[in-house]
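Here the structure is laid out as C-alpha cells; the discussion comes afterwards.
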Amino acid sequence: MALRQVRLQNEDILRKKCREVKNFDDRLAQLLDDMAETMHSYNGVGLAAPQVGILKRVIVVDIGEGLVELVNPVILDSKGSVTDNEGCISVPGLAGKVTRPKWVKVSGLTRDGEQMIIEAEDLMARCLCHEIDHLDGILYTDKVEGDLFEVEEDED
Ligand code: ZN
C-alpha cells in the first residue's frame, strides 16, 4: 500500500467525468488499497479516485463502521433530505452546509466485479452522494448553501 497525492479544488482533474471500470485486476486492487490508506491518513470518511488523479469510477467510504469499496457506483433511489455540514479532503480547512438525501440505495461492484447493493442513511448516505458526485466532476462547493467556513483540518 502507498499514500497517493491528493488533488486540490483548483485542479482541472477534479472537474472531469470518470470512466467506468472494466478490468477487475491487480491495478484496481492496488488503487483501492492506496485510496483507503490515503483517506485514513487524512482522517477522512470518503475518497473518490479523481482525488488521487485517477479518472475511474471508484470510491471508498469509512464512517467508522468499516471500509466500503464501490466500483462503478450508481444511486438507484433516494428519499428525504438532510442539510448538514460537509467537507472534502480536496478542499482543506473548509466546510459548508449541503442538502443531501436522508436515505439512498446504491448499486456497485466489488473489487472482484461482483454486484452489491447498499442501503444507507444520514452520514453514510451523505458520504456516498458526495463521493459519487466526484465521479462526475462535481464538488460539494457547487451545492453549498451559504458561505464556506473554516474548520480544523481533520474533516472529510
Ligand atoms: Zn470530496
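Note that CG of Leu94 and CG of Asn85 are 12.0 Å apart. Values are rounded to the nearest 0.5 Å. One finds the NZ atom of Lys143 at 10.0 Å from the OG1 atom of Thr99 (value rounded to the nearest 0.5 Å). Of the inter-residue distances, the one linking Glu131 atom CD with Met35 atom CE reads 7.5 Å to the nearest 0.5 angstrom. Between the CG atom in Asp112 and the CG atom in Asp25 there is a gap of 11.0 Å [rounded to 0.5 Å]. Within the model, atoms CG of Asp62 and NE2 of His40 stand 3.5 Å from one another, a figure rounded to the nearest 0.5 Å. Rounding to the nearest 0.5 angstrom, the gap separating the CG atom in Leu3 from the OH atom in Tyr42 is 8.0 Å.
Within a 6.0 Å radius of NZ in Lys97, more than 12 heavy atoms belonging to other residues, nucleotides or ligands are found. Heavy atoms from other residues, nucleotides or ligands lying under 6.0 Å from CD of Glu145 number more than 12. Annotation for Arg15: atom CZ counts as buried by contact number, over 12 foreign heavy atoms lying within 6.0 Å. Within 6.0 Å of CG in Asp142 there are more than 12 heavy atoms belonging to other residues, nucleotides or ligands.
Counting all heavy atoms, side chain and backbone alike, Val98 lies closest to Arg126 at O-NH1, 2.9 Å. Listed here is the closest heavy atom pair of Ser107 and Gln115: CB-NE2, 3.6 Å. The minimum heavy-atom distance linking Ala48 with Leu135 is given by the pair CB-CD2, 4.1 Å. Scanning all heavy atoms of the two residues, the minimum distance from Ile13 to Pro50 falls at CG2-O, 4.0 Å. Between Met39 and Val45 the shortest heavy-atom distance is SD-C, 3.6 Å. Here the closest heavy-atom approach between residue Thr38 and residue Ser41 is recorded as O-OG, 2.8 Å.
Under the 4.5 Å side-chain criterion, counting only non-hydrogen atoms from C-beta, Asp122 is in contact with Lys102. At least one side-chain heavy atom of Asp77 sits less than 4.5 Å from a side-chain heavy atom of Trp103. Side-chain contact between Leu128 and Pro73: absent, with no pair of heavy atoms (C-beta onward) separated by less than 4.5 Å. Annotation: side chain of Val144 is not in contact with side chain of Phe149 (no heavy-atom distance under 4.5 Å).
Using a 4.5 Å cut-off between side-chain heavy atoms of Ile, Leu, Val, Met, Phe, Trp and Tyr, with links allowed through other members, Ile54 and Phe24 fall into the same hydrophobic cluster. Linking ILVMFWY residues whenever their side-chain heavy atoms come closer than 4.5 Å, directly or via other members, places Leu28 and Leu67 in the same cluster. One hydrophobic cluster holds both Leu70 and Ile75 under the rule that ILVMFWY side chains link at heavy-atom gaps under 4.5 Å. Residues Leu14 and Ile59 are members of separate hydrophobic clusters, defined by side-chain heavy-atom contacts under 4.5 angstrom among Ile, Leu, Val, Met, Phe, Trp and Tyr. Ile117 and Val104 fall into different hydrophobic clusters, where Ile, Leu, Val, Met, Phe, Trp and Tyr residues are linked whenever their side-chain heavy atoms come under 4.5 Å apart, directly or through other members.
A salt bridge links Asp136 with Arg57; the closest basic N to acidic carboxylate O contact falls under 4.0 Å.
Not one N or O on the side chain of Gln9 forms a donor-acceptor pair closer than 3.5 Å with the backbone of Ser90. Judged by distance alone, with hydrogens and angles left aside, the side-chain atoms of Arg100 form no donor-acceptor pair with the main-chain N or O of Ala125 at under 3.5 Å. Side chain of Asp34 to main chain of Leu31: no donor-acceptor pair is present (N/O by atom type, distance under 3.5 Å, no hydrogens or angles).
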Practice problem: Let me see the working for Lys105 and Ile118 under side chain to side chain contact (heavy atoms under 4.5 Å, CB included), right down to the final yes or no. | Solution: CA-CA 6 Å; Lys105 183 175 181 181; Ile118 296 177; over 6 Å; no
Quiz item: Does the side chain to side chain contact (heavy atoms under 4.5 Å, CB included) test come out yes or no for Val61 and Met124, once each step is laid out?
Solution: CA-CA 8 Å; Val61 173; Met124 188 66 184; 3.6 Å; yes
Practice problem: Test side chain to side chain contact (heavy atoms under 4.5 Å, CB included) on Met116 and Leu109 and set out the steps. | Solution: CA-CA 6 Å; Met116 61 187 287; Leu109 300 170; over 6 Å; no
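Residue pairs satisfying the side chain to side chain donor-acceptor pair (under 3.5 Å) criterion with at least one member in residues 64-74, sequence neighbours excluded, are listed as follows: Glu69-Arg111.
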